[in-house]
2 protein chains.
Amino acid sequence: MTAKTRTYGDACGIARALDVLGSRWAMLVIRELLFGPLRFSDLERALPGASTNMLSYRLRELTDSGVITRRRLSPPASSAVYELTDWGREVEPILNDLGSWGLRVSKPDPATLSPTSVLLFLRGGAKVDPKTPDMVFRLVIDERVFAVSLHAGHVKVVSTEPDVPDATLECDPGTVNDLLSGEIDLETAIDTGRATIDGDQSKLRILIASVADEV
Amino acid sequence: MTAKTRTYGDACGIARALDVLGSRWAMLVIRELLFGPLRFSDLERALPGASTNMLSYRLRELTDSGVITRRRLSPPASSAVYELTDWGREVEPILNDLGSWGLRVSKPDPATLSPTSVLLFLRGGAKVDPKTPDMVFRLVIDERVFAVSLHAGHVKVVSTEPDVPDATLECDPGTVNDLLSGEIDLETAIDTGRATIDGDQSKLRILIASVADEV
DNA sequence: CCGCATCCGTTTCGATACTG
DNA sequence: CAGTATCGAAACGGATGCGG
């Protein structure tokens, strides 16, 4: 059954992009894959509200149109993962811009927040003074480990274990977001048990402050 | 009946943007409004395939969320127009990027092409040598007049009558597109009656060539 | 003609249940 | 874990009609 998706039938590049990315959940699936390959169930967890049904269908569509690929992991762990193709990775700046634009939309009331969203926000929102000394953090959100590094005023976020981090911060996505948007401060987060810190707390404070200023 | 649109229920900026722009035709409506206010029927013509039904609903939604405004024209012409708010105008760069990304998607078979799409393409695709002398054109597509100017290697497209154009080009959207993408040349277009030219043809040729090179 | 409401068939989506 | 099957609900597309 060849998926004859509904098309805009418009030769414009925008319409053609939407023919591929315009259906519900498509862009959010891509958002989730921005920090590396994920399994079906990872996506399911990151996108509650998307039915398994929809997910598998969208994944097939995106695979067919060449935005993502399905790959089987090597023998020991024999599960399948989905990952962005080179072309798919090129939507990242678009999603970033869309994300900044969307900040002016009021938050939905019961709101989820995936680790990925927060990390994108961190990466995109930070404009740090280039004279700030370099630093590396180990960020643990929802069991997933990320290396967050500050180098020459540029924030980098990668989905790996950092070597020699200056500090480790472990907490849930909501807390990271509240910290970055300045809604709570680090002390409160620690005291209320929402965050666990290990290492150089002052450096972490610098990073957080620089992002919070932007917002 | 307050439009309680389906929401992603996700606090991420991307998801919130999609709560507003994610439904079918929404972004294309915005695309059409990028060059200035339009009436309901103008939108209808530019977006065949969108039912009047859908259009009026989308327009209300976009108005409610503050992306566009509805304004009544002054007395003589007492019709209403829709136009982007400042915030709405900020999606332009996003749509441009989306448009470039989407060029790699194969064209739908029976494909329409609105004047707006072509002009966006013209504006976005042209990287002209800054040493090229300035020029101004009068472009007439589907009865709509635009001023296309080349100044210091930058292409500007505005929806107004230009004063003192170097040349006038009148044709349908498809032809402009074919010219810009190098699929036909100016001579052929004129000979086959697809384009009508008045004024300095050589200058027009320079503009066209510089865009076609990009593609 | 313009802006929209209404009716109706089709497609897409969402929730739950169920299988390899 | 990684999806498919099923089914009701919502969104969409097309046609028509109606008051400015």
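This one's a predicted model, so the numbers in the text were calculated from it and none came from an experiment. All chains are named by letter (A, B, ...) in the order of the sequence lines, taking the proteins before the strands, and each is independently numbered beginning at 1. Values below: every heavy atom of this structure, side chains too, minus hydrogens, waters and symmetry copies.
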Counting the atoms with a prime plus P, OP1 and OP2 as sugar-phosphate, which does Arg45(A) contact under 4.0 Å by heavy atoms, base, sugar-phosphate, or nothing? nothing
Could you check how far OH of Tyr57(B) sits from C1' of dG3(C), rounded to whole Å? 17 Å
Grab the CE-C1' distance between Met54(B) and dA11(D) for me, whole Å please. 7 Å
Lys/Arg N to Asp/Glu carboxylate O, Arg16(B) vs Asp19(B), below 4.0 Å: no
Whole angstrom is fine here: how far is it from CG in Leu43(B) over to C1' in dC1(C)? 16 Å
Step through the shown structure and confirm whether more than 12 heavy atoms of other residues, nucleotides or ligands are within 6.0 Å of CD on Glu161(A). yes
Residue pairs, two or more places apart or on separate chains, that pass side chain to side chain donor-acceptor pair (under 3.5 Å) and touch residues 37-53 of chain B: Arg39(B)-Asp42(B)
Distance check needed: dG3(C) C1' versus Glu61(B) CD, whole Å only. 17 Å
Among residues 13-28 of chain A, which contact DNA chain D at a heavy-atom distance under 4.0 Å? none
Can you find a side-chain donor-acceptor pair between Asp191(A) and Thr188(A) that sits under 3.5 Å? no
Would you mind reading off the bend of the helix from dC1(C)-dG20(D) to dG20(C)-dC1(D) from its two end axes, five pairs each, to 10 degrees? 30°
Quick one: is dC4(C) close enough that its OP1 or OP2 comes under 4.0 Å of any side-chain N or O from Tyr82(B)? yes
note: Arg71(B), atom CZ; dG3(C), atom C1'; distance rounded to Å ~ 17 Å
Between Lys107(A) and Asp10(B), is the closest basic N to carboxylate O distance under 4.0 Å? no
Note: Glu61(A)-Arg58(A) ion pair, threshold 4.0 Å (strictly below): yes
Reckon Arg60(B) has a side-chain N or O less than 4.0 Å from the OP1 or OP2 of dA5(C)? yes
According to salt bridge (Lys or Arg N to Asp or Glu O under 4.0 Å), who are the partners of Arg70(A), at least two apart in sequence or on a separate chain? none
Is there a side chain to side chain contact (heavy atoms under 4.5 Å, CB included) between Val145(A) and Thr160(A)? Walk through the geometry before answering. CA-CA 6 Å; Val145(A) 181; Thr160(A) 34; over 6 Å; no
Any Ser51(A) side-chain N or O less than 4.0 Å from OP1/OP2 of dA15(C): no
Under 4.0 angstrom, heavy atoms only, what part of the nucleic acid is Ala80(A) near: base, sugar-phosphate, or nothing? sugar-phosphate
Glu44(A) atom CD is separated from dA15(C) atom P, nearest whole Å, by 12 Å
Name the pairs: protein N/O against N/O of nucleotides 6-8 of chain D, kept only if under 3.5 Å.
from	atom 1	to	atom 2	distance (Å)
dT6(D)	O4	Asn53(A)	ND2	2.6

How is Arg58(A) classified with respect to the nucleic acid when contacts are heavy atoms under 4.0 Å: base, sugar-phosphate, or nothing? sugar-phosphate
Distance-only check: which donor-acceptor pairs under 3.5 Å involve side-chain atoms of residues 193-201 of chain B, not counting sequence neighbours?
from	atom 1	to	atom 2	distance (Å)
Arg194(B)	NE	Thr175(B)	OG1	3.2
Arg194(B)	NH2	Thr175(B)	OG1	3.3
Arg194(B)	NH2	Asp178(B)	OD2	2.9
Asp200(B)	OD1	Ser202(B)	N	3.0
Asp200(B)	OD1	Ser202(B)	OG	2.6
Asp200(B)	OD1	Lys203(B)	N	3.4

side-chain N/O Ser41(B) vs dC2(C) OP1/OP2, d < 4.0 Å: yes
Assess the side chains of Glu83(B) and Thr69(B): does a donor N or O sit below 3.5 Å from an acceptor N or O? no
Does Arg6(B) have a side-chain nitrogen or oxygen under 4.0 Å from the phosphate oxygens OP1 or OP2 of dA9(D)? no
Rounded interatomic separation in angstrom, taking CZ from Phe40(A) and C1' from dA2(D): 6 Å
Interatomic distance where CG belongs to Leu59(A) and P belongs to dC13(C) [whole Å]: 13 Å
Parallel, tilted or perpendicular: rings of Phe35(A) and Phe146(A) (30°, 60°): perpendicular
Reckon Ser79(A) touches a base, only the sugar-phosphate, or nothing at all at heavy-atom distances under 4.0 Å? sugar-phosphate
Does any N or O in the side chain of Trp101(B) come within less than 3.5 Å of the main-chain N or O of Trp87(A), such that one atom is a donor and the other an acceptor? yes
